[in-house]
A.B. asks: 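Structure below; questions to follow.
All values reported here derive from a predicted model rather than from experimental measurement.
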Amino acid sequence: MDTIKTRFAPSPTGWLHVGGARTALFNYLLAKLTGGTFLLRIEDTDRARHDESAVEKIIEDLRWLGIEWDEGVEVGGDNGPYRQSERLEIYTEHIGRLLDAGLAYYAFETPEELDAMRTAARAEKRNFRYPRPDPLPTAADADKARAEDKPVVVRFKIPKRDVTIRDEVFGEVTVAAAEQDDFIIAKDDGWPTYHLANVVDDALMGVNFVCRGQEFLSQTWRHVLLREAFGFAEPKYAHLPLIMDMAGRKLSKRDGAVEVHAFRTAGYLPEVLVNFIALLGWNPGGNIEQLTMDGLRDMFSVDRIGKANAKFDREKLLAFNTDAAAAADENRLLAGFRDYLSLNETPIPGDDDSLLLHLLRINKGFRTFADIPAKCGVLFAADDAYDYDEKAVKKVLAKGDGSGYAMLEHLKAKLADCEWTEDAIQALVEGVCAEKSVGMGKVAQPIRVAVTGTTVSPAIYDTLMILGREKTLARIDRCLLMR
RNA sequence: GAUCCCAUCGUCUAGCCUGGUCCAGGACACCGGGUUUUCAUCCCGGCAACACGGGUUCAAAUCCCGUUGGGAUCACCA
């Protein structure tokens with residue numbers, strides 16, 4: 001076949017959803033597989049739900065993920081405009097063509113009337129199918145209806161025959177003629193419905209491979225029929241199994257972040273998210289799991305897309321991120337960390353690369369970037385602005401006869417005239433261990449609790465080095481005063 | 001409700017098309033143990049699945065039928 005041209009055609013309603021991200025990714029991969037073209041089109045024909053800022057958000061998210069399009073919004077191309085809101089004349093012309101050819105007709109029911117018809121059908125245990133009037137309303141009827149302030153829509157006149165879709169993933173799927181009805185292609189406000197706009201644009205833009213969520217599979221017959229009516233060539237279809245939450249329900253916001261942007265804000269690496277969503281419904285076979293975008297471009301293939309719905313396992317995503325962060329080089333991590341800090345309010349100064357690099361090094365083993373401020377943020381707070389965790393104080397300092405406090409006093413004196421280098425502090429701490437014949441925990445923990453208020457922080461030498469002598473001593477004093 | 005789709009460890013899945021190499025492999029999670037000054041990391045070990053019922057066959061996770069379960073669609077939303 002010709003080179004593949006795919007598209008991602010989101011409706012701008014908010015940040016990019018992980019499901020949408022996967023659709024975009026697969027389309028991108030499909031195109032790249034054969035040196036084809038990947039196109040980005042915005043489907044904003046619904047003025048009511050339109051959210052202008054969402055276009056920016058989706059673009060930002062796609063770019064963050066590293067999914068670049070060759071044609072479409074912002075990058076341009078020969079088949080624009082790439083926003084459906086700017087293509088009204090094209091749709092109007094196409095709808096007119098069907099009307100003229102007797103392949104579509106006007107209808108005047110109000111939504112309430114349609115609702116009533118559906119309810120009635122249901123009451124009679126009948127499936128509702130829009131009853132095609134005979135004779136069909138004419139243009140004059142439409143004018144009259146408009147004059148009477150009645151809604152005017154255009155419905156497609158289906159040919160009433162079975163439609164078989166050849167899907168690259170699901171195989172042949174047939175929709176019987178009896179299951180179809182004359183669906184709306186132009187709304188009362190003159191704008192086309194999704195089905196019409198989508199089919200017209202795909203054809204005009206040369207899209208020859210349609211890859212999208214499975215929820216569209218049972219509606220694809222409309223597209224097939226529409227294309228036929230216009231004389232457009234059929235594209236290949238590949239429908240993707242759905243992404244569900246851990247309970248097997250449709251992935252929704254209530255069980256956590258579902259937006260790409262939320263994962264970005266939470267401190268995940270984009271290549272990890274890409275790797276993870278690629279594995280939702282697809283896999284390279286064998287035991288390979290960790291894949292870069294380049295690896296995906298090499299290994300992706302339609303025939304390895306599965307049919308069963310996938311569940312979005314956040315735990316596994318976290319594990320992926322942990323592994324990737326451990327394997328990534330420092331520059332990559334630095335860029336990611338800076339991005340994370342720019343999106344979040346933390347006490348960590350985001351403009352000092354050497355500090356950031358240092359934090360990255362001493363926090364090796366972190367799971368997401370969010371772990372770093374969680375563990376080190378307190379080191380950048382004011383000396384009197386952090387809280388002491390009651391349990392930590394009790395366990396490490398106050399327990400028994402207060403030996404923790406005694407240790408702290410002892411350490412404070414030594415720290416006061418210790419040379420402030422990692423080696424010196426280490427020697428000091430180890431010296432105290434030997435002197436008192438106790439383990440590291442007995443020495444390091446009292447300091448940690450004193451200077452951070454918690455039992456958790458980077459290695460004690462690293463912690464004290466970041467703090468510096470002055471702040472360390474000030475914090476120990478504050479802690480001692482609270483005894 | 002109607003129509004269509006799907007079905008391997010708790011989860012993502014490999015294997016299924018081209019039956020035997022699978023008393024089903026990997027990863028995450030979980031459990032146990034170890035390393036580590038704390039947390040995280042890391043290391044070792046373990047638990048755990050072919051939805052059910054019928055066929056076909058010398059042989060079925062793999063092929064066929066049915067049942068059950070889950071999902072999607074039936075909008076002037078996309």
Side-chain angles (χ1 to χ4, degrees), chain A residues 9-13 43-46 48-49 84 107 109-111 114-115 118 121-122 125-129 151-155 167 169-171 173-176 178-181 183-189 191-195 197-198 213-221 239 241-242 244 246 248-250 276 279-290 303 306-320 322-323 325-326 363-367 371 374-375 392 396 429-430 433 439-445 447-449 452 454-461 463:
Chain A
S11 177
T13 54
E43 305 219 331
D44 53 355
T45 53
D46 182 3
R49 290 209 303 174
Q84 293 189 331
E109 289 80 9
T110 63
L114 287 168
D115 253 8
R118 288 191 185 97
R122 205 198 170 98
K125 296 190 170 172
R126 233 178 352 102
N127 287 316
F128 175 73
R129 297 276 124 76
V152 177
V153 301
V154 178
R155 284 182 181 267
D167 189 86
V169 173
F170 288 96
V173 178
T174 299
V175 178
E179 299 302 322
Q180 310 163 12
D181 73 350
F183 57 95
I184 294 176
I185 55 176
K187 307 180 226 176
D188 180 39
D189 63 9
W191 285 89
T193 56
Y194 158 75
H195 301 294
N198 187 271
Q214 199 196 351
E215 68 266 29
F216 291 102
L217 182 55
S218 43
Q219 306 196 66
T220 301
W221 61 270
H239 286 87
L242 270 14
M244 318 301 265
M246 290 305 283
R249 320 272 333 161
K250 204 166 181 180
F276 189 72
L279 262 17
L280 258 22
W282 173 87
N283 76 81
N287 294 331
I288 303 165
E289 263 193 339
Q290 316 252 335
D303 42 290
K307 297 179 181 179
N309 290 167
K311 288 185 181 140
F312 193 82
D313 187 349
R314 289 157 203 284
E315 298 277 7
K316 187 147 180 167
L317 208 213
L318 223 208
F320 268 42
T322 307
D323 289 346
N363 278 286
K364 278 232 162 57
F366 68 89
R367 313 207 73 183
D371 289 354
K375 196 147 95 172
V396 176
V429 171
E430 280 167 2
C433 285
M440 269 295 189
K442 288 281 182 221
V443 182
Q445 283 303 73
I447 308 179
R448 180 148 22 227
V449 171
T452 69
T454 72
T455 54
V456 176
S457 85
I460 201 67
Y461 323 112
T463 300

A.B. asks: For the pair A:D167 (side chain) and A:H239 (backbone), establish whether a donor and an acceptor sit closer than 3.5 Å, ignoring hydrogens and angles.
C.D. replies: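 Yes.
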A.B. asks: Of the options B:rC76, B:rA2, B:rA78, whose atoms approach the side-chain atoms of A:R118 most closely?
C.D. replies: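 Looking only at heavy atoms from C-beta outward on A:R118, the closest nucleotide is B:rC76.
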A.B. asks: Separation of A:R155 atom CZ from B:rC74 atom C1', in whole Å?
C.D. replies: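 In whole Å, B:rC74 C1' lies 13 Å from A:R155 CZ.
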A.B. asks: Just to confirm, is there a sub-4.0 Å distance from OP1 or OP2 of B:rA14 to any side-chain nitrogen or oxygen of A:N283?
C.D. replies: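 Looking at the OP1 and OP2 atoms of B:rA14, one of them is under 4.0 Å from a side-chain N or O of A:N283.
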A.B. asks: With C1' as the reference atom in both, quote the distance from B:rA7 to B:rA49 in angstrom, rounded to an integer.
C.D. replies: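 Straight-line distance between the two C1' atoms is 12 Å.
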A.B. asks: Could you check A:E179 against A:A186 and say which one's nearest nucleotide on RNA chain B is further toward the 5' end?
C.D. replies: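 Comparing both residues, the 5'-ward one is A:E179.
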A.B. asks: Is B:rG1 paired to anything, Watson-Crick or G-U wobble with both distances less than 3.5 Å, and if yes, which nucleotide?
C.D. replies: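 Partner of B:rG1: B:rC74.
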A.B. asks: B:rA51 and B:rG69: how far apart are their C1' atoms, nearest whole angstrom?
C.D. replies: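 Result for the C1' pair: 8 Å, nearest Å.
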A.B. asks: May I ask you to verify if any side-chain N or O of A:Q290 is less than 4.0 angstrom from the OP1 or OP2 atom of B:rA27?
C.D. replies: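 Indeed not, no polar side-chain atom of A:Q290 lies that close.
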A.B. asks: With both distances under 3.5 angstrom, what nucleotide forms a Watson-Crick or G-U wobble pair with B:rU21?
C.D. replies: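 Per the H-bond distance test, none.
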A.B. asks: Should the pair A:F312 and A:F276 be assigned to parallel (<30°), tilted (30 to 60°) or perpendicular (>60°) ring geometry?
C.D. replies: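 A:F312 vs A:F276 ring planes: perpendicular.
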A.B. asks: Please determine, for B:rA7, whether a Watson-Crick or G-U wobble partner exists with both distances under 3.5 Å, and give it or none.
C.D. replies: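 Paired with B:rU68.
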A.B. asks: Between the side chain of A:R448 and the main-chain N/O of A:P458, is any donor-acceptor distance below 3.5 Å?
C.D. replies: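 Here the side-chain-to-backbone pair exists.
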A.B. asks: If a protein heavy atom is under 4.0 Å from the base, mark B; if only from the sugar-phosphate, S; if neither, -; do that for nucleotides 29-44 of chain B going 5' to 3'.
C.D. replies: S-------BBBBSS--
A.B. asks: Could you check A:L280 against A:Y194 and say which one's nearest nucleotide on RNA chain B is further toward the 5' end?
C.D. replies: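 The residue mapped nearer the 5' terminus is A:L280.
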A.B. asks: Please measure how far the C1' atom in B:rU62 lies from the corresponding atom in B:rU57, and state the result in whole Å.
C.D. replies: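 Comparing C1' positions in B:rU62 and B:rU57 gives a spacing of 13 Å.
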A.B. asks: Between P on B:rC12 and CG on A:L242, what's the gap in Å once rounded to a whole number?
C.D. replies: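 A:L242 atom CG is separated from B:rC12 atom P by 13 Å.
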A.B. asks: Could you tell me how far B:rC43 sits from B:rC65 if I compare only their P atoms? Round to whole Å.
C.D. replies: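 Between the two P atoms, the distance is 46 Å.
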A.B. asks: In whole Å, I'd like the distance from the CG atom of A:L114 to the C1' atom of B:rC76.
C.D. replies: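 Checked: the CG to C1' distance equals 8 Å.
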A.B. asks: When you measure from the side chain of A:E215, which nucleotide among B:rG1, B:rA72, B:rG71 comes out closest?
C.D. replies: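 Out of B:rG1, B:rA72, B:rG71, the nucleotide with an atom closest to A:E215's side chain is B:rA72.
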A.B. asks: Establish, with yes or no, whether the OP1 or OP2 oxygen of B:rC77 is under 4.0 angstrom from a side-chain nitrogen or oxygen of A:K187.
C.D. replies: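 So the side-chain polar atoms of A:K187 do come within 4.0 Å of the phosphate oxygens OP1 or OP2 of B:rC77, strictly under.
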A.B. asks: Measure from the side-chain heavy atoms of A:A308 and tell me the nearest of B:rC6, B:rG1, B:rA78.
C.D. replies: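 Ranking B:rC6, B:rG1, B:rA78 by closest atom to the A:A308 side chain puts B:rC6 first.
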A.B. asks: Using atom types as modelled and distance alone, determine if a side-chain donor or acceptor of A:T193 lies under 3.5 Å from a backbone N or O of A:I184.
C.D. replies: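 Confirmed, A:T193 side chain pairs with A:I184 backbone.
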A.B. asks: Using a cut-off of less than 4.0 Å, is there contact between a side-chain N or O of A:T45 and OP1 or OP2 of B:rA78?
C.D. replies: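 Yes, within the criterion.
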A.B. asks: Between A:I184 (CD1) and B:rC76 (P), how many Å, whole number?
C.D. replies: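 One finds 4 Å between P of B:rC76 and CD1 of A:I184, rounded.
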A.B. asks: Going by purine N1 to pyrimidine N3 plus the second Watson-Crick contact, or the G-U wobble pair, all under 3.5 Å, which nucleotide sits opposite B:rU41?
C.D. replies: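 Pairing partner, where one exists within any strand: none, as none qualifies.
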A.B. asks: Ignoring hydrogens and angles, tell me if any N or O in the side chain of A:R118 forms a donor-acceptor pair with the backbone of A:F128 under 3.5 Å.
C.D. replies: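 Not confirmed, A:R118 side chain does not pair with A:F128 backbone.
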A.B. asks: Given B:rA72, B:rU13, B:rC4, which nucleotide is nearest the side-chain atoms of A:V173?
C.D. replies: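 Nearest nucleotide to the side chain: B:rC4.
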A.B. asks: Applying side-chain contact (heavy atoms from CB on, under 4.5 Å) to A:L279 and A:K316, what does each step give before you reach the verdict?
C.D. replies: CA-CA 11 Å; A:L279 262 17; A:K316 187 147 180 167; over 6 Å; no
A.B. asks: Could you check whether the side chain of A:E289 and the base of B:rG26 have a donor-acceptor pair of N or O atoms closer than 3.5 Å, going by distance alone?
C.D. replies: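 Answer is yes: a donor-acceptor pair is held.
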A.B. asks: Would you say A:K307 reaches B:rC6's phosphate, i.e. side-chain N/O to OP1/OP2 under 4.0 Å?
C.D. replies: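 Yes, such a contact exists.
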A.B. asks: Mind checking what makes side chain to side chain donor-acceptor pair (under 3.5 Å) contact with A:D189, not counting sequence neighbours?
C.D. replies: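 Counting only residues at least two positions away or on another chain, A:D189 forms a side chain to side chain donor-acceptor pair (under 3.5 Å) with A:R47.
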A.B. asks: Can you tell me which nucleotide in B:rA78, B:rG26, B:rC76 comes closest to the side chain of A:N287?
C.D. replies: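 Looking only at heavy atoms from C-beta outward on A:N287, the closest nucleotide is B:rG26.
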A.B. asks: Output all residues satisfying side chain to side chain donor-acceptor pair (under 3.5 Å) with A:E43, sequence neighbours left out; order by chain, then residue number.
C.D. replies: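 So A:E43 forms a side chain to side chain donor-acceptor pair (under 3.5 Å) with A:R41, A:Q84, A:N198.
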A.B. asks: What is the separation between atom CG on A:N309 and atom P on B:rU8, rounded to the nearest whole Å?
C.D. replies: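 For the pair A:N309 CG and B:rU8 P, the rounded distance is 11 Å.
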A.B. asks: Can you see whether A:S457 engages A:T452 through a side-chain donor-acceptor pair at a distance of less than 3.5 angstrom?
C.D. replies: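 Looking only at side-chain atoms, A:T452 and A:S457 do not form any donor-acceptor pair under 3.5 Å.
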